[in-house]
Amino acid sequence: MGRWPALPLERRLALLMSGVLVAILATSLVLTYGTLTRAAEQATRQRIAPAARQIAASAESSTAQREQVMRQWSADPALRRALRTASTFSDSALAEGSHLPHGAIAASALRALGPYLTPSDTQTQLRLHDRLGRLVLAVGAASEPESERALAHELDRLGAADNAPASDSVAFTSMHQARDQFFFWAIAPVVGAGAPLGYIAQLRRVGGPPNVQTQLQDLIGERVTMYLHNQDGTVWTVAPAIRAVAPDRREGRRGLFHHRENGRMIAEASAVAGTPWVIVLETPVSAVHAGPQRTVLRLSLLSLILVAAGALLSWAIGRRITQPLASLTAAAEAIAGGDYERRMGHAARRRDEVGRLSAMFDQMAGEVEATRRALEHQVVESDRAREQAERANRAKGDFLAVMSHELRTPLNAIGGYAQLLSLGVYGPVTSAQQDALARLGRSQAHLLRLIDEVLNLARIDAGEASYRMDRVPLVEVLEGLEPLVAPQMHARGIRFELGEVEDSIAAHADAEKLQQVLLNLLANASKYTGDGGIVRVTCAADERHVWIHVADSGIGIPRERHDSIFEPFVQGDRSLNRPHEGVGLGLAISRELARGMGGDLSVQSEPGRGSVFTVRLDRYVERASVAEERVVASEGAAQTSG
Ligand code: ADP
């Protein structure tokens, strides 16, 4: 995958700023939402918890009233008498409610209760049980089996606790459902002479005003639902006494929450003291969170506007900073592309850092342009000078060519006539005249050589010499020299020696030109070496170069002339009585040729101790296969010759 295309700086800056802004705002929104919802939950709890306590307290006060009534009943002597009498009855006698003594008891008990009974009391049941739980008397509507079970259960419980010292506290049972109504029993012990005689029990219906929920909501100002349930969680009713379901799950880490199928509820519970009942107020979490949600939504909208404004602002700031940079870059690119007139313009007039940078840039661009103009001028000048020099050189070449041609013809005529004179064609010649004619001939020959060499040098100088570079085996070149120079040297009493040359060493050179150079050096060596001297030719090589040394035991050359002897027309001894010795061009030509072949010519010498002239050339590098072929061929030759 390729990288993303590089965004311009100003846009990257804006994106970065907006990103940071979004991150900060999002974090603070999340934190705000958390804080607000927690605070709202807290506030709701603070409103509904006291309400739950209050409702429980009012329930407590009504049970207290009931207790009061029950105690008055239980304290009635007629009831005690009835219970004492009933305790002497057998179970079957008691079961027959119409039995006389029973009837009598009932009548006296009823008389005793009469004044206390209200019409609502008579709508449910009022019962008298002896201490063994046997029914002694029942007043009011017949009760349902569920109610019977609940009473029997409670009487059993009270009977089991009977060994405890007699108490007159009134007990309230858990709520139970019978048909579609909810009931509970209020049971008071009847105590006689410090011992329990039995119980008076009243079945009561759970109820309340039908509009209790709306009243409650008006009071608290929340969508509150009130529940009443048994402490053991068996029966749940929603006020006013309508059957309800228990919550699916309860959770109490941060205050009590109930989970119902229509969502999570904030719940506050308060037990009704002295009874096994609990008052619960519930309000949906979603309703509590609605306020914070609206606030956070408004904040989000505001944040969105803020982010947009921030992005716009950072884009504008980024642009203000980066635009001069972009135009600086463009100007630099234009200058690099050859548009030297390009400047920063009004950006350079700004008074901030960018302005200073732009002004500096303009100044530098100005200097670059001035320098470039000067350079161009120099180039034109030097071109003109070169052209002039070339023209002069051509003129010199032409002049030399014409002059040598013009000189050669009369010189040849001089030589010819001198020979004719010396042969006596124009009459007898005296020995003094012969001598003069011989000098005339030598001078003519010297002049001709001079003209030839001058022409040669002019040609090399003008770059007209062409080189046929090839593989030149040194052994061939060096051995070829001997017959050309050795006889003259011997005639002058000079010994010529040739050093060992390896067969394989070859130079990369023009064979003819190399020979010309070496003949020049050998001619000089024999010229400047006296009788009994030695001239030696040796060679050496490494991987890249070969060196040919021409050494003599002659007069030598002082150090200060080691450079000048390679210049044209420089001679060691300009005495006129040795005009035949040379014209001072040999070394100049030789060095030009050596350099033309990619090599060089140098000297090492001291007066009186001889000279060594060294020609350096590139070594001819053979390919491996070629070298091997040569080895094989030479071995084969050696075998046949052997
Ligand atoms: P020429 O020999 O014609 O004078 P060259 O260019 O060949 O001109 O030599 C230039 C000078 O270098 C010579 O005049 C001579 O003084 C000096 N020179 C050259 N070769 C030798 C040598 N082998 N020993 C001493 N001096 C030499």
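When a ligand or atom number is given, it counts from 1 through the structure's own listing order. Quick caveat: nothing in here was measured; it's all calculated off a predicted structure.
The atoms of ligand 1 that sit less than 4.0 Å from any heavy atom of Ile555 are 25 (C). With ligand atoms numbered from 1 in the order given, ligand 1 contributes 6 (O), 8 (O) to contacts under 4.0 Å with heavy atoms of Leu585. Near Ala525, meaning under 4.0 Å from one of its heavy atoms, ligand 1 places the atoms 23 (N). Distances below 4.0 Å separate heavy atoms of Tyr528 from the following atoms of ligand 1: 1 (P), 2 (O), 4 (O), 13 (C), 14 (O), 15 (C), 18 (N), 19 (C), 20 (N), 21 (C), 22 (C), 24 (N), 25 (C), 26 (N), 27 (C). Below 4.0 Å from some heavy atom of Lys527 lie the following atoms of ligand 1, by number and element: 1 (P), 2 (O), 3 (O).
In this structure a side-chain-to-backbone donor-acceptor pair under 3.5 Å is present from Asp552 to Ser611. Side-chain N or O atoms of Asp510 include none that pairs as donor or acceptor with a backbone N or O of Tyr467 at under 3.5 Å.
For ligand 1, the polar-atom distance check finds no N/O of Phe613 at less than 3.5 Å from any of the ligand's N/O atoms. Polar contact check, Leu587 against ligand 1: a nitrogen or oxygen pair lies under 3.5 Å apart. At least one N/O-N/O distance between Gly586 and ligand 1 falls below 3.5 Å.
Under a 4.0 Å N-O distance rule, the pair Arg449/Asp452 does not qualify as a salt bridge. Taking a cutoff of 4.0 Å between a charged side-chain nitrogen and a carboxylate oxygen, Asp531 and Arg492 do not qualify as a salt bridge.
No hydrogens or angles considered: nothing links the side chains of His549 and Thr538 as a donor-acceptor pair under 3.5 Å.
Heavy atoms of Gly554 stay at 4.0 angstrom or farther from ligand 1.
Of all the heavy atoms of Leu521, none lies under 4.0 Å from any atom of ligand 1, so neither backbone nor side chain is involved.
Classified by interplanar angle (parallel below 30°, tilted 30° to 60°, perpendicular above 60°), the ring pair Phe566/Phe613 is perpendicular.
Val612 is not listed as a side-chain neighbour of Val603, based on a closest heavy-atom distance of 4.5 Å or more.
Remark: Arg536 engages Glu497 in a salt bridge (charged side-chain N to carboxylate O under 4.0 Å, His left out) (not counting sequence neighbours).
Taking only non-hydrogen atoms, the option from Ile565, Ile589, Val603, Asn524 nearest to atom 20 (N) of ligand 1 is Asn524.
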